[in-house]
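First comes the structure, then the notes that go with it.
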Number of protein chains: 2
Amino acid sequence: MPDTSLIHLLIRKLENFAELTEEEKRALHDAAGPVRSYGSHEDLIREGEQASGVAVVLSGFACRHKMLPDGRRQIIGYFLPGDMCDARVFILKKMDHTISTLAPSSVTTLSREAVLDITSRYPRLTRAFWWNTLVEEAIGRQWLVSIGQRTALERVAHLFCEIYVRLQSVGLATPEGCELPVTQSELADTVALSTVHVNRTLKELRRVGLVSMSSKSLAIHDFAGLRALAMFDPGYLHLEGEGLIKDRYAHTMLRTS
Amino acid sequence: MPDTSLIHLLIRKLENFAELTEEEKRALHDAAGPVRSYGSHEDLIREGEQASGVAVVLSGFACRHKMLPDGRRQIIGYFLPGDMCDARVFILKKMDHTISTLAPSSVTTLSREAVLDITSRYPRLTRAFWWNTLVEEAIGRQWLVSIGQRTALERVAHLFCEIYVRLQSVGLATPEGCELPVTQSELADTVALSTVHVNRTLKELRRVGLVSMSSKSLAIHDFAGLRALAMFDPGYLHLEGEGLIKDRYAHTMLRTS
DNA sequence: CTGAAGTATTAACCCATGTTAATCACCCGG
DNA sequence: CCGGGTGATTAACATGGGTTAATACTTCAG
C-alpha cells in the first residue's frame with residue numbers, strides 16, 4: 001500500500017468543484033500508484049514520449065515547458081501540489097511538451113487502467129476531472145493574455161496572484177504568503193522576460209510594498225494592491241464550487257460507447 | 001432541412017483523424033442546426049454567457065479573444081472553415097472569453113442534444129471530437145511559445161504557416177496561398193504587436209520574398225523558407241491521420257455513466 | 001571551513017518594438 | 001462623381017525590456 005496520504009490535496013482541490021463521497025475519495029486513494037520522489041529539475045515526461053498514466057503532484061512544484069530548436073524556452077503551465085495532468089494525456093501518441101520538476105517533488109501516477117475504472121464507475125469524479133481540465137485551459141488562456149498584453153510588472157503580479165490563490169485553494173497559503181520554490185530565471189521563462197528584468201521587476205514590487213520574494217517563498221504584503229495592479233480576476237479558476245456542471249444530462253456527454 | 005452542405009469541411013477536417021462511415025457523416029449532417037450568416041465583427045458568444053451548443057464555422061473566419069479592463073485585447077485562437085468549438089463548451093456555466101467573426105461567416109450549431117446523441121451513438125465520432133479538442137489545446141501552447149519567445153518576424157511567419165497548413169487540411173489552400181480576411185490590426189492583436197510593427201514585419205516578409213499579404217489574402221512565395229524562419233513544425237496539428245487513439249480501450253475513457 | 005556552482009543584484013548600454021501622427025488608398029452609399 | 005470612413009503605410013521619435021558583464025550571495029559537498 002503506497003503512502004498516498006498527500007493525495008488528500010488532490011481531493012481537496014477537486015472538492016472545489018463538488019463534494020465527493022467517502023467512496024469516491026477511497027477510490028482515488030486506491031487508484032494512486034507508488035509515490036516517486038524527484039529532485040529539482042528532473043523530467044517526468046519528455047516531449048515525444050507517450051504518457052503512461054496521469055501524474056499527480058503531491059508536493060513540490062513542476063511545470064510544462066517547450067523549447068525552440070535554438071534553446072529559447074517557454075514554461076507553459078505550473079503543477080502545484082494537488083494538481084493532476086489532464087486525464088486524457090495518455091490518449092495522445094506523443095507529448096508535445098515536457099513536464100519537469102522545478103523543486104524536489106513527490107509524484108504519484110494514476111495508471112491508465114485506474115483512470116478508466118474510476119471514470120466508468122464514478123460520474124461525479126469524472127466530472128471533477130473535466131472541471132480540472134477546463135480550469136487548466138482557462139489558465140492557459142490567461143497566460144496568453146498576460147504575455148501578450150500585460151507589462152512586465154502586471155505580468156509578474158498576475159502570476160503571483162494566480163499561484164497564491166491556487167495554493168490557497170489547497171490550504172498551502174497563509175495570509176502572509178506561500179512557498180514559491182522557483183528561480184528568477186525560471187520565472188523569466190514563465191513570464192517571457194529576461195532574468196535581469198525579472199529581477200528589476202521584483203525589486204519594484206518590493207519597493208511599492210506589494211510582495212517580496214525571498215529564496216523559495218513569496219511574502220504577500222498587499223494582496224488587494226497586487227490584484228489591482230495585475231487586473232487579476234480569480235473567476236477563471238472556478239474555485240467557488242459553483243457547480244460548473246449542473247445539468248443532469250451533462251454526465252452523458254462524450255460518452256463514447 | 002437546413003443547407004449544411006458546407007459541413008463537409010468539418011467532416012474533412014475530422015477525417016484527418018480517422019475515416020468516418022457514411023452513417024457517421026450523415027449523423028453530422030443531421031445534427032447541424034440552421035445555418036446563420038454573420039457579417040464581419042459580430043459576436044457569436046460573449047464572455048459571461050453560457051453556450052447553447054457547439055458552433056461550427058462553415059465559411060469565413062472567426063476568433064476567440066479576451067479583453068483587459070482597459071481595452072487591451074488578445075486574440076487567443078482562430079476558427080477557420082470546418083473548425084468547431086470544443087464539444088464541451090456547454091458544460092461551462094459561463095464563457096471566459098468572447099467568440100466573434102473576423103469576416104463574414106456562416107455558422108451552424110450542433111445543439112446540446114445533438115451532441116449528446118452523437119457521442120452516445122458513435123464512439124469514433126466522439127474520439128474525433130476529442131482529437132479536435134486536443135489539437136486546439138496544442139495550438140494554444142504553440143501560441144504561448146510564439147508570443148513568449150519568438151521575435152516579431154518569427155511570430156508572424158509562424159502564424160502564417162499554421163493558418164496555411166490548417167486551411168490546406170480542409171482543401172482551402174492552393175500552392176500559391178490562401179484567404180486571410182484579417183486586418184493588420186487584428187493580426188496585431190493576435191501576435192501581440194502594434195499595428196505599425198505588424199506593417200513593418202509584413203513589409204520585411206515581402207522584401208525577403210517569403211510571403212505577401214494583400215487585402216484579404218496571403219500569397220505564399222517560399223513556404224520552406226517561411227517554415228524555416230518560423231521554426232514551424234506541423235506535428236502539433238496532428239494532421240497525419242496518425243491514429244492518435246489507437247487503444248481499443250480508449251473509447252471508454254471518461255465515460256461518466 | 002573551503003571552494004565551486006548556481007543564483008541574485010546592479011550598472012551601462014543597446015535595440016526591438018511601441019507611439020504619434022500624417023498621408024495615402026480603397027470601398028461604398030448616395 | 002463625391003464624401004466619409006476604415007485600413008495601410010511611413011517617418012520620427014520614445015521607451016520597455018534585452019544584453020553584457022561585473023560583483024556578491026547562498027548552498028552544499030567534501
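The sequence lines fix the lettering, A, B, ..., with proteins before strands; numbering per chain opens at 1.
The CG atom of Leu205(A) sits 11.0 Å away from atom NE2 of His221(A), with the distance rounded to the nearest 0.5 Å. Going from atom CG of Leu153(A) over to atom CG of Leu202(A) covers 9.5 Å, rounded to the nearest 0.5 Å.
Between Leu187(A) atom CG and dA8(C) atom P there is a gap of 9 Å when expressed in whole angstrom units. Straight-line distance from the CD atom of Gln149(A) to the P atom of dG16(D): 16 Å, rounded to whole Å. Residue Met213(A) contributes atom CE, which lies 9 Å from atom P of dT9(C) at whole-angstrom precision. Look at CD on Gln184(A): it is 12 Å from C1' on dT10(C), rounded to the nearest Å. In this structure, Asp189(B) atom CG and dG7(D) atom C1' are separated by 14 Å, rounded to whole Å. In this structure, the CG atom of Leu102(A) is 17 Å from the P atom of dG6(C), given to the nearest Å. Here the C1' atom of nucleotide dA8(D) and the CZ atom of Arg206(B) are 10 Å apart, to the nearest Å.
Using a 4.0 Å cut-off, no side-chain N or O of Lys203(B) falls inside it from OP1 or OP2 of dT9(D). For dT9(C), the OP1/OP2 oxygens have a side-chain nitrogen or oxygen of Asn199(A) closer than 4.0 Å.
Side chains of His41(B) and Glu186(B): a donor on one and an acceptor on the other come within 3.5 Å. Side-chain contact of Arg150(A) with Gln142(A): a donor-acceptor pair under 3.5 Å is present, judged by distance alone. With 3.5 Å as the limit, one finds no donor-acceptor pair spanning the side chains of Thr195(A) and Ser185(A). Judged by distance alone, the side chains of Arg155(B) and His158(B) never bring a donor and an acceptor atom under 3.5 Å apart.
A side-chain contact (heavy atoms from CB on, under 4.5 Å) with Tyr164(B) is found for one member of Glu162(B), Arg166(B), Gln168(B) and no other, namely Gln168(B).
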What one-letter contact string describes nucleotides 16-30 of chain C from 5' to 3', where B marks a base within less than 4.0 Å of any protein heavy atom, S marks contact via sugar-phosphate atoms alone, and - marks no contact?
-BBBB----------
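A donor-acceptor contact shorter than 3.5 Å is absent between the side chain of Arg64(A) and the backbone of Ile76(A). Side-chain atoms of Arg141(A) never come within 3.5 Å of backbone atoms of Asp96(B) as a donor-acceptor pair (strictly under, hydrogens ignored).
With the 3.5 Å cutoff on both pairing distances, Watson-Crick and G-U pairs in DNA chain C assemble into runs of at least 3 at C:1-30 with D:1-30.
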